[in-house]
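Written below as structure tokens is the structure these notes are about.
No hydrogens, no waters, no symmetry mates; every other heavy atom, side chains included, goes into these values. Every chain is numbered from 1, with letters handed out A, B, ... down the list of sequences.
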There are 2 protein chains.
Amino acid sequence: MTTIQESAGRGRPRSERAEKAIVDATLDMIGEGVTVSELSIEAVANRAGVGKTTIYRRWANKEDLVVDSLATLRLPMPEPGGTDVRADLIEYLEVMRSESSELRNRCITNIALNEADRFPDLYRRFRELVIEPRREAFRQVLRRGVATGELRPDLDVEVAMSMLIGAMLFHTKMSGPAYPVPDDLAVRLVDEALRGFRYDVTRNVAS
Amino acid sequence: MTTIQESAGRGRPRSERAEKAIVDATLDMIGEGVTVSELSIEAVANRAGVGKTTIYRRWANKEDLVVDSLATLRLPMPEPGGTDVRADLIEYLEVMRSESSELRNRCITNIALNEADRFPDLYRRFRELVIEPRREAFRQVLRRGVATGELRPDLDVEVAMSMLIGAMLFHTKMSGPAYPVPDDLAVRLVDEALRGFRYDVTRNVAS
DNA sequence: AGTTTTCGAAACGAGACCGTTGCGTATCGT
DNA sequence: ACGATACGCAACGGTCTCGTTTCGAAAACT
């Protein structure tokens, strides 16, 4: 926690309600696409229905507020079903897709993709806390597939991850009323990736 | 062009040098990750070594300036070599990779990924002008591959595009001193995609 | 009761940009 | 030469946000 040292429990205790409202307002705004640079303490206070004093009393600066807020976002990746690699990959990609429709979860990609250059420190902490655990879970699915023989033994796991995750992020980021994410995108991605693009007459055409 | 009506050629002509400096400054700042919202005419003028008047004389507002500046970015996709699909795909992805190292070209992805929600009009014009032509060129490569029999006849071309483009964008956006884009990423992406992840004992293991 | 701390609200001076205007100079056509 | 227009520069009044301070009320403690 980067919260300012809280004083001894002498006088009136800090309102948890206010704290939650502040964090919620911060996450909502970031999810809506507000840049960290643009995010003003004043706007957060108004949105949270809270005095600016209440924010400054708890966080020394904007970056600390953002980091603490993002830290509450640690969504666990579900344990994969484990029936086969295909099902696990589809499950994870489907989680990404469904999460992207909720405003709150867009914080993750917005921060990861937009703020790396300008707030390297924030980005580094966020990457360790939120991004890497998810990448690792995904990586394990592929590794397990190689181990069980479902996937090629010489599969380039990192490149494979980039293809699947990159494609899904690409769609969810570009999505909007005019360009919706297809409902079955996860399935289609995984099947195309597993099968390969090339036409191979020696192989059974029916997958 | 959204430039303000230029007056008759009576007095002193407008300086092309100034105009270029303005556009350059605009593109540089966007390439560095400055949001369109954050981009101030004042900052552009200072960076270009130009009076604000000179900018306001040519463009009615910030959005027009940005659109005109971006319009100068129409990099042509090279005609594909045409030897085979693999070579063409690698060539296009390699163009994306090498372009991404130049600050100027980062404007394209920065605008496409960050500003769609907040400047839908700007995004729409930019998409038609810059993005779609490139997507179409890429799409043609895949279609040609299907036609020649190099790729599966039932290949999901849109999903295939997302996988390759998404993966490359994912890497170039995330790239930085700590996470460089591998030199051979284009080759590795294309080969994994063509081959497929799945281990298929009926097929020759050597690609 | 008395003390301490937090609460939301309001106001502060400082600074950034806004879009506009005036200034003196430079550069073109006539 | 002369009028017209563009140039860079500086200043204008106005709005917004900054981070800080002050205020009276509220809510816990001894």
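- In this structure, CZ of Arg58(A) is placed 15 Å from P of dT5(C), rounded to the nearest angstrom.
- Rounded to a whole Å, the CD atom of Glu16(A) is 15 Å from the C1' atom of dA27(D).
- Counting to the nearest Å, the P atom of dA16(C) and the CG atom of Leu39(B) are 17 Å from each other.
- Tyr179(A) carries Arg127(B) over the face of its six-membered ring, with the cationic atom under 6.0 Å from the centre and within 45° of the normal.
- Between dC7(C), dG19(C), dG22(C), one nucleotide has an atom nearer to the side chain of Lys52(B) than all others, and that is dG19(C).
- For the side chain to side chain donor-acceptor pair (under 3.5 Å) criterion with Asn110(A), the lone passing option out of Glu115(A), Lys173(A), Glu32(A) is Lys173(A).
- Within the structure, every side-chain polar atom (N or O) of Arg57(A) is placed at least 4.0 Å from both OP1 and OP2 of dT5(C).
- Residue Thr53(A) places no side-chain atom within donor-acceptor reach of the base of dC7(C), judged by atom type and a 3.5 Å distance cut-off alone.
- Residues Arg118(B) and Thr35(A) meet the side-chain proximity criterion, which asks for heavy atoms closer than 4.5 Å.
- Comparing Asn61(B) and Pro13(B) by the nucleotide of DNA chain C whose heavy atom lies nearest to each, the residue mapping closer to the 5' end is Asn61(B).
- Listed pair Ser40(A) / dT17(D) fails the phosphate criterion, with no side-chain N or O lying under 4.0 Å from OP1 or OP2.
- Annotation: side chain of Phe119(A) is not in contact with side chain of Arg124(A) (no heavy-atom distance under 4.5 Å).
- Here dG19(D) presents its C1' atom at 9 Å from CD1 of Ile41(A), a figure rounded to the nearest Å.
- For the pair Tyr199(A) and Val146(B), the minimum side-chain heavy-atom distance is 4.5 Å or more.
- Glu38(A) places its CD atom 18 Å from the P atom of dA16(C), with the value rounded to the nearest Å.
- Nearest-nucleotide mapping onto DNA chain D: of Glu42(B) and Ser15(B), the residue sitting toward the 5' end is Ser15(B).
- Atom CH2 of Trp59(B) is separated from atom P of dA6(D) by 13 Å (rounded to the nearest Å).
- For the pair Ile55(B) CD1 and dT20(C) P, the computed distance is 13 Å after rounding to whole Å.
- The nearest whole Å value for the distance from the OH atom in Tyr56(A) to the P atom in dT6(C) is 17 Å.
- Judged by atom type and distance alone, Arg12(B) does not reach the base of dA4(D) through any side-chain donor-acceptor pair under 3.5 Å.
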